[in-house]
Amino acid sequence: MTAVEATRVTKTFGAVTAVDAASFAIPEGAITGLLGRNGAGKTTLMNLITGQDFATSGTLRVFGERPVENPRVLSRVCFIKESQSYPDSYRGRHVLAMAPHFFPHYDAALADRLVADFDVPLSRPVKKMSRGQRSALGAIVGIASRAELTLLDEPYAGLDAVARHVFYDRLLEDYAEHPRTVVLSTHLIDEAADLLERVIVIHGGRIVIDEEAEDLRGTASTVVGRHADVEAFVAGRDVMSRERVGGIASATVAGLSAHDKARAAESGLEVTAVSLQQLIVRRTGGDPHDARTHTTEEASS
Amino acid sequence: MDDERPIFLQIAQLLEDQILDGSSPEGAQVPSINELAAFHRINPATALKGVNRLVDAGVLIKRRGVGMFVADGARDRLVAQRQEAFSAQYVRPLIAEAARLGIDADRLRDMIRTEATR
Amino acid sequence: MTALAHERPAALSSPGRRIGNVMRMHVANPWPAVLLPWLILFAIHAMMLAIWAIISHYAGPDLDADAFRYSGGISWIVFYLMSIAIQATNATFRFALGFSATRRDYYLGTLAFFLITAAMFSTGIGVLALVERATDGWGMGGSLYAPAYLYDRSFGEIVFHFFTLIALFAVIGLLIGAMYVRWRATGLYAFFGALSLVLLGLTWWLLDAGWGPVGRFFTETPLVGILAWTLPVTVVLAVLGWVALRRAPARG
């Protein structure tokens with residue numbers, strides 16, 4: 001089952017194309033990472049999925065229906081965004097008091113536990129809270145809502161490492177007991193990598209990666225050694241990046257088999273796996289049009 | 001979890017290691033999927049995939065509503081499997097590195113004997 | 001996957017419930033929209049009494065009987081609630097959409113909230129006007145709750161007067177707020193530009209046609225009739241507010 005299905009979704013703001021003919025599917029009952037650099041179009045895409053904004057062209061289906069102005073769909077969705085605005089008069093407790101009325105599966109007892117975990121001052125006006133406290137408030141609503149489709153956009157901006165791990169632990173704990181579809185957008189890819197089942201990477205408004213997280217792991221390796229050896233080894237392979245210092249060179253290549261790695265080791269090259277974060281940095285470091293060409297080449301080879 | 005191999009393989013291997021070193025004896029209960037996911041901060045689906053690998057191999061047995069247990073004879077089977085993989089995984093790279101350093105087979109054998117009797 | 005097959009969320013299936021939830025959102029903190037206006041009103045009341053007492057003391061018996069009938073101490077409430085309406089369609093709109101409400105539910109709930117607020121304030125003011133009358137203007141011949149042309153009006157007329165005006169200005173506030181969330185600053189320029197044009201046109205027409213017919217309308221039409229004329233205006237503005245809001249994004 002698919003929770004979200006996008007077909008050539010495009011969103012333009014004047015001359016700027018924020019989302020460019022994005023087609024992808026988000027599977028139901030999994031944690032999907034929506035990754036990309038700042039300004040890549042992550043938030044815009046989530047705004048479109050939740051009907052907060054209107055697509056310029058293309059079609060979007062959430063649980064098989066158009067999400068825009070559709071209470072049947074929206075009542076099953078919870079979208080927590082980094083820049084969520086709150087009424088001026090609201091204190092933390094007012095936000096939590098409203099949540100059960102809008103999210104049918106909301107668990108107030110769980111929210112109370114999370115408030116204690118994150119140490120959120122509920123009697124403080126939301127606009128006087130720190131960035132981290134506001135993020136924590138959003139994360140609490142996001143987890144406790146238990147919405148069938150939960151979208152978390154940079155849910156821990158301003159939170160320190162300890163609080164972020166509390167977030168991962170609580171999310172995983174509750175997700176394990178109450179499976180649902182979670183879409184997590186983050187730029188802290190290494191931290192979140194092991195949580196993800198599926199990875200969608202957006203770059204310059206285009207979808208450049210849409211794969212199972214397990215399939216992405218180990219898809220690229222870096223070989224380091226003498227320049228001539230490295231060149232000889234990577235010849236004819238899909239090289240994603242090259243670096244050279246004096247006689248030593250390194251190259252990041254895709255699709256090395258165990259046999260390839262053994263051969264590289266035998267010829268005196270050091271082989272290390274590329275982490276998801278490094279992989280994405282390499283694929284999104286340059287011009288989005290190049291990145292797109294890269295994936296098409298891969299698909300055709 | 002390292003970056004090299006799929007996480008579910010690493011989970012399977014961790015459980016195997018525990019059976020091999022005796023910390024999970026035959027018949028003992030192993031952690032649930034959710035406990036594994038929470039402990040390693042990984043997706044429960046991934047933990048399930050790792051565990052299922054061992055269930056399919058007959059190393060673990062699922063008892064509905066009770067939990068998962070180490071199967072009888074699991075340790076012997078794992079030892080046999082690991083012994084088979086030992087040569088490819090450890091001996092061949094050892095010989096390759098030794099050759100690079102100019103250590104011949106006789107000297108290598110002596111070195112192994114010395115280390116083993118230490 | 002069985003746990004995913006949740007039972008249909010019954011709580012949100014009825015539009016009435018969803019609209020009610022939006023209304024609840026406006027009073028989650030009842031302070032600015034419900035409590036504070038009454039508090040300000042009573043503070044003004046106390047101040048007016050003090051001022052009247054001082055004036056009576058010094059003026060003595062020479063004071064005209066209607067000296068305290070023209071205080072404007074009540075009209076601010078109309079503009080106060082308008083400003084609440086402007087704010088409501090900015091932060092609260094984006095908050096409501098963030099909590100998965102539809103624009104339609106948000107607008108209907110917000111409109112209903114302001115109509116109920118208008119009814120509550122106008123009824124409250126009407127009751128206070130009756131008390132004022134029964135106590136001979138708080139013992140000093142003053143009239144704070146039914147000043148000027150409302151002085152000798154019935155309870156019903158006073159309530160209708162405040163209801164129509166609060167509703168009209170609240171809907172103007174909603175329209176300003178809606179144009180802001182839809183078109184940002186451009187929306188505000190458009191609103192005030194259009195307002196200037198309407199006023200300019202009106203002035204032109206008045207200068208051309210003379211004040212006669214207009215003056216006649218206001219002197220010959222009964223108060224209730226004049227006020228009733230605001231109702232279609234309120235409805236038109238409410239519809240315009242919806243036209244602006246129905247395609248408004250909730251980003252940023």
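Chain naming here is simple, since letters A, B, ... match the order of the sequence lines and numbering starts at 1 in each.
In this structure, the portions of A:Ser89 lying under 4.5 Å from any heavy atom of chain C include both its backbone and its side chain. Of the two parts of A:Phe54, only the side chain, counted from C-beta on, holds a non-hydrogen atom closer than 4.5 Å to a non-hydrogen atom of chain C. Interface remark: C:Ala33 contributes no atoms to any contact with chain A (heavy atom separation under 4.5 Å).
With rounding to the nearest 0.5 Å, the separation of CZ in C:Arg94 from NZ in A:Lys81 is 8.0 Å.
Considering only heavy atoms from C-beta on, C:Ser100 stays 4.5 Å or farther from A:Phe102 through its side chain.
Checking each of C:Arg18, C:Arg247, C:Arg103 against A:Glu69 for a salt bridge (charged side-chain N to carboxylate O under 4.0 Å, His left out) leaves exactly one that passes, namely C:Arg103.
Residue C:Ala91 comes nearest to A:Ser85 through the heavy atom pair O-OG, 3.6 Å, listed as atom of the first residue, atom of the second, then distance. Across A:Phe103 and C:Gly98, no two heavy atoms sit closer than the pair CZ-O, 4.5 Å. Scanning both residues, A:Met98 and C:Met25, for their nearest heavy atoms gives SD-CA, 3.6 Å.
Summarising the local packing, CH2 of C:Trp229 is surrounded by 12 or fewer heavy atoms from other residues, nucleotides or ligands at distances under 6.0 Å. For CZ of A:Arg61, the number of neighbouring non-hydrogen atoms (other residues, nucleotides, ligands) closer than 6.0 Å is greater than 12. Atom OH of C:Tyr189 sits in a sparse spot, with 12 or fewer heavy atoms from other residues, nucleotides or ligands closer than 6.0 Å.
Between chain C and the residues A:Leu74, A:Val95, A:Ile80, the largest count of heavy-atom pairs under 4.5 Å involves A:Leu74.
Listed by chain and number, the residues in a ring pair (Phe, Tyr, Trp, His ring centres under 6.0 Å) with C:Trp76 are C:Tyr80 (sequence neighbours excluded). Residues meeting the ring pair (Phe, Tyr, Trp, His ring centres under 6.0 Å) test with A:His94, sequence neighbours left out: A:Tyr90.
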